[in-house]
Amino acid sequence: MHFATLASGSSGNAILVGEENRNFLVDSGITVKRILANLEMINLSALQIEGIIITHEHSDHIQGVGALARKLKIPVYATTGIWNEMESKLGKLKPDQIVEVDRELTLAGMEIRLVPTSHDSRESYGLRVAGKRHTLGIATDSGIVTEEMNKRLQGCDAYVVEANHDSQKLWDGRYPWYLKKRINSDVGHLSNVQLAEALKEWLVENTQRVVLAHLSEENNTPEIALNTVLGILRDSSVRQRCSRLRIRVAPRHTPHELIFLGE
Ligand SMILES: [Zn+2]
Ligand SMILES: [Zn+2]
């Protein structure tokens, strides 16, 4: 199994997930041109992408979806609720490109389980993706870590997870009050500390990789996110338990290198 973020943050999100020669995208919130350029940067052919699954209908996740689906002639997968909000924004798709999904589906040979997150969109989901030998947990855009997230996302081999903001920077920063309250709310975004506390529960001996994603440009820095998470994990037993663990930050506009999960 392999994965890479192609872009990450409020200016656009997309994650590539694959196994052998079969791949799919989680969201496509940047232009087609940038998706194709960023795929090329990780030496992956767009022709190997079999579909796009949508986590929620916010524009930083769906901006390029319609155009990309038309260009690659691939289907888009989302729940009925997300389709209701999103369909008019994607432009014209063929009927067989519109796939309504439930909480479980198979895409590019991998089993996907949708895990509801707590966010101010019509619906929003994280994903647990199971390949032949490995599992990947994906969760961004959630104001809190819910019981269900804890239950479903525990014990994966790798993660792409939201470390959106440093709370101090958020409150001290120049965002308007309503926006600070929205981000900090139960339906906003996860802080570095909230995520680290969740990782203490989720990470297991087998966990190899964590990619911190959806960082705020204004209220976080890659250094602060990484140091906060590492600091909290170091103070717990996680660092000893997970001897193979490597934690990196997803770049905002460029892809993270393709990560291959090993035995
Ligand atoms: Zn987002
Ligand atoms: Zn969102």
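Order of listing sets the numbers, starting from 1, for every ligand and every atom in it.
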Check your understanding: Can an N, O or S atom be found in His189 less than 2.8 Å away from the Zn ion (ligand 1)?
Key ->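 Checking His189: none of its N, O or S atoms is under 2.8 Å.
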
Review point. Can you tell me if His214 has an N, O or S atom under 2.8 Å away from the Zn ion (ligand 1)?
Key: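 Yes, within the cut-off.
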
**Study point:** the Zn ion (ligand 2) - name of the N/O/S atom of His119 that sits closest to it
**Key:**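 Looking only at N, O and S atoms of His119, the one nearest the Zn ion (ligand 2) is named NE2.
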
Check your understanding: Closest N/O/S atom of Asp141 to the Zn ion (ligand 2), by atom name?
Key ->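 Looking at Asp141, the N, O or S atom with the least distance to the Zn ion (ligand 2) is OD2.
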
Check your understanding: Angle at the Zn ion (ligand 2) between ND1 of His58 and NE2 of His56, to 10°?
Key ->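 It is 100°, given to the nearest 10°.
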
**Study point:** Residue that, paired with Glu123, satisfies side-chain hydrogen bond (donor to acceptor under 3.5 Å, both in side chains) out of Asn84, Thr79, Thr117
**Key:**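 With Glu123 as partner, Asn84, Thr79, Thr117 yield a single side-chain hydrogen bond (donor to acceptor under 3.5 Å, both in side chains), made by Thr79.
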
Exercise for review: Answer yes if Ile49 and Val101 sit in the same cluster of Ile, Leu, Val, Met, Phe, Trp and Tyr residues linked by side chain heavy atoms under 4.5 Å apart, and no otherwise.
Suggested key: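 They do share one cluster, since a chain of ILVMFWY contacts under 4.5 Å joins Ile49 to Val101.
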
Review point. How open is the angle at the Zn ion (ligand 1) from atom OD2 of Asp60 over to atom NE2 of His61, rounded to 10 degrees?
Key: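 If I round to 10°, I get 90°.
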
Check your understanding: In a check of side-chain contact (heavy atoms from CB on, under 4.5 Å) between Met1 and each of Asp157, Val129, Ile259, which one passes?
Key ->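 Output: one option passes, namely Val129.
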
**Study point:** His214/His61 aromatic ring centres below 6.0 Å
**Key:**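 For His214 and His61, the ring centres are under 6.0 Å apart.
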
Practice item. Look at the aromatic rings of Trp171 and Trp177 and report parallel, tilted or perpendicular, splitting at 30° and 60°. Key: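 Taking Trp177 first and then Trp171, their aromatic rings sit tilted (interplane angle of 30° to 60°).
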
